[in-house]
Amino acid sequence: MSDTPDHKFSAPEMRVPDKPGLENIEARWIETWDRIGINSFDRSAQRDNIFSIDTPPPSVSGSLHMGQVFSYTHTDAVARFWRMRGKSVFYPMGWDDNGLPTERRVQNYFGVSCDPTVPFDPSFTPPFNGDVPKGHRNTAISRPNFIQLCEQLTSQDEKIFEVLFRRLGLSVDWSLLYTTIGDRARRTSQQGFLNNLARGEAYPQEAPTLWDVDFGTAVAQAELEDRERPGAYHSIAFARGDGNGDVIIETTRPELIAACVALVAHPDDPRYSSLIGQTVRTPLFDVEVPVLSHQLAQIDKGTGIAMVCTFGDLTDVIWWRELNLPARVIIGRDGRILADAPEAMGSASARDAYSQIAGKTVKQAQTICVDMLRASGSLRGEPRAITHQVKFYERGERPLEIVSSRQWYIRNGGRDYALRTAFIQRGTELTWHPDFMEHRYDNWIEGLNGDWLISRQRFFGVPIPLWYRIGANGQPDYESPLLPDSKQLPIDPSSDVPNGFDESQRGRSGGFIGDPDVMDTWATSSLTPQIAGHWIDDENLFSRVFPMDMRPQAHEIIRTWLFSTVVRSHYEHGVVPWRNAALSGWMLDPNHQKMSKSKGNIVTPADLFDRYGSDAVRYWATSARPGVDTAFSEDQMKVGRKLATKLLNLSKFVIGLDDADASAIPRQPIDVAMLHRLARVVSESTQALEDFDYARALERTEEFFWWFCDDYVEMVKTRAYEGMKDSASATTSLHRALNTMQRLFAPMLPFVTEEVWSWWQADSIHQNQWPSTGELLADIAELGDYEELLTTVGEVLSQIRRAKTEGKTSQRTAVEYLKISATEDQLELINSCMHDLRNAGGLDEVETVTHDQNAITVQVRLAPTSRS
RNA sequence: GGGCGCUUAGCUCAGUUGGUUAGAGCAUCUCUUUUACAAGGAGAGGGUCGGGGGUUCGAAUCCCUCAGCGCCCACCA
């Protein structure tokens, strides 16, 4: 320690305060850590001496919430552990400001909206600054200008996040900060896409896709969620083409009859076998459609025969594709019924019926159709109300529709069995914490029903970096896109110009046009290891940190963030992007509900830091087992604060003892046994942390700590005071144990451990070596069964205490006479510690008796107490 | 419908290859304040370990089964 330069760590003068306290210790140590740079990543370190973390970039719209405090603390405990193990820890922070939440905030704050067709204005200033008047119609601005505003606005939030994360004690190297809409992220994202395109892993396709009619964009399977919605079964009669009566189908979407292209029944369903191959005519619209068979038709569902529409749900898409049906689309991208009726509707009455619903929303059209069906007699009985699961975009407000559109995809195994198997195999190359989380990964991949749709018809985000030639016919040539050079990235095809063209040719015949779409936010987030590790611009650094050691994240985004990162890394580097995936649980409110603003059960982190201290909040977070959903608990923070206070007081006591002979060797059995027990704790804690189980490490250390305070210290403190011949054994053992315990607690309680460390050591505890059993036990003798010794002596002490409590007297009361009955072996152990036992119990005369029973019995005669 | 997790004291939870009498914290009650700590300390009460069956000398722990809660996924005419 003496070789640490003084200028690096200027702890307050090494002394123990008279009245130690936890007030304001955070600010002092945050300042010191910053100054001496204890969290700085050492770029010269070799890969095997680096621990790298693919930190989840929090979305910075809004404020830090306790769920983030919860999970980020877990990662930090692991980071601090590895730093003490001598690793150079690559622990970056990123801000996720590329996405809808940021886009919305910028629109509302500045009164602007992004329009890629507007030219970039270098001298642009926003019309408003958070004071947008009601009724203002947003000013359309270019995408580069919009991105500037995003960066400007989010930087304010990011500052607040940084302050809170520092207060929490995250040992992030802030010089490694990135943002997901920043230049480097856009470059990485676009280069990654171009590489996927060059290798054939990304491809465009015109196909039916799930579509959010409010956002006006396609969405990916991973962004769907089911919601309970009221609906109704409608029994509807289709006239048979041969004139032999009706076929009754059941549907929840009668408004789609105009989009009906077939009926389908199961091939083994005898009720319809004679009908297969025949035709029927749709009610109202009088279109002739075939009756076909397909395995996916369910015999026991409805009437067993289903109406196929283009497109009502994903099964319709399968039928449409596999049965080679025509497309008869009636829903537009705005969620309204198209103005023009499908060509198949020939009759005037059909066209008239269609004109009733044209331009209406889906909901309005349904009401109208049901009325018309009822009037025409095609509706059999009344609609029967049900509730059913309907697919929504997770951020959307109306059910998804399916529209046909041209989109970009990345192959993820959803349409390729071999590839799917390869990705499941990649999952086995990761070590999962907890291990059962791997099932969710496998489960997701096995359920994929298509490739990953990455294009979005939005205006803000990382643009698809392509242009298309416009032919003489005025149509874009999508077959051979114009690519940018890697050096040009990031580009925005809406304002940048492809090589060999100039801006005047934009949108003209013989000229070019930019791809209008942006990429899904996950298409960029799936490259966080590459972004954080500077894949695009610092090959040397990237080779030192990638594949990363750890990906911490929440379990509900295994299907999105985790899986998509594996996909990109598989393609780009042929490896899994990390060695370990650490999945954190959710923080629940005290009633085990998911916390949410609408329930009003949100507590702000800053308030808790003020009331309990950062270490106490961290104690709550790190006492939750990895991956387990955990209730928010201020009680647990109180316990954490108690622990921190106790550590202050114990440290004050132990450091304050004379330790004249620093080279003294622990010799007394109780001292040696205590150190052996502690060595076991070191061993278990180390193992636990290597396995990402900070909670077990904390629990083991804490359990030992309280035993140490309550029993061991009570027994040896008199001897330590005395200055007798065995005093040195006690003081050196106390020092050694305290030194070790402080370091064991350091990853979870960084502030209080640094505080007490500073009272007697010259450097930062966080730059110290993690304790080892070797250093604890190197110079002390083997001891047979140290646990037997400690429990036996502990039992005697406990019985003496109980006698005093039952005698309703102070623990200080002397014991006139004590008779211990135990086996010969037990008495030998007890006698070896009798000196300490006498001190702790206030014993006078002691008699020992051997017996054969296993149980130790103790008779206690208390000295008379003088009550004044 | 498939998968995963959970179910242990009033509450929140430990209990890691099966092993004395199942533990901790909080809460409750009793006792205890001049030498590290009252934001302390010493103790007490409180549990048929979700139900049933099995394996074993021995099961909270392993197997089977049932139930409840939660999550992920699929289906959803």
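Residue numbers start from 1 in every chain, and the chains themselves are labelled A, B, ... in the order their sequence lines are given, proteins ahead of strands.
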Spacing of CH2 belonging to W757(A) relative to CG belonging to L738(A), to within rounding of 0.5 Å: 8.5 Å

Pairing nucleotide - A74(B), Watson-Crick or G-U, each distance under 3.5 Å: none

Separation of the P atoms in A14(B) and A9(B), to the nearest angstrom: 12 Å

Sugar-phosphate only, base, or nothing, as touched by E702(A) at under 4.0 Å among non-hydrogen atoms: nothing

Assigned partner base of A38(B), Watson-Crick or wobble definition, under 3.5 Å: none

Short side-chain N/O contact to C76(B) OP1/OP2 from T315(A), under 4.0 Å: yes

Parallel, tilted or perpendicular: rings of H294(A) and W319(A) (30°, 60°): perpendicular

Watson-Crick/G-U partner (both atom distances under 3.5 Å) of A14(B): none

Parallel, tilted or perpendicular: ring planes of Y441(A) versus F563(A), cut at 30 and 60 degrees: perpendicular

N/O (side chain, R802(A)) to phosphate O (OP1/OP2, A42(B)) under 4.0 Å: no

side-chain N/O R559(A) vs C73(B) OP1/OP2, d < 4.0 Å: yes

Rounded distance in Å between the C1' positions of C73(B) and U12(B): 31 Å

Candidates G40(B), A14(B), C75(B) - which lies nearest the side chain of K646(A): G40(B)

Any donor-acceptor N/O pair under 3.5 Å between C75(B) base and D226(A) side chain: yes

Any strand: nucleotide that pairs with C62(B) via Watson-Crick or wobble, under 3.5 Å: G54(B)

Ring centres under 6.0 angstrom apart (F70(A), W586(A)): no

Complementary nucleotide of C6(B), counting Watson-Crick and G-U pairs under 3.5 Å: G68(B)

Nearest-nucleotide 5' precedence on RNA chain B, S798(A) against L224(A): S798(A)

Result of checking F705(A), Y694(A), F704(A) against F745(A) for ring pair (Phe, Tyr, Trp, His ring centres under 6.0 Å): F705(A)

Options G3(B), G43(B), U32(B), nucleotide nearest the side-chain atoms of N443(A): G3(B)

C73(B) phosphate, OP1 or OP2, under 4.0 Å from Q221(A) side-chain N/O: no

Identified pairing partner of U33(B), criterion: Watson-Crick or G-U wobble below 3.5 Å: none

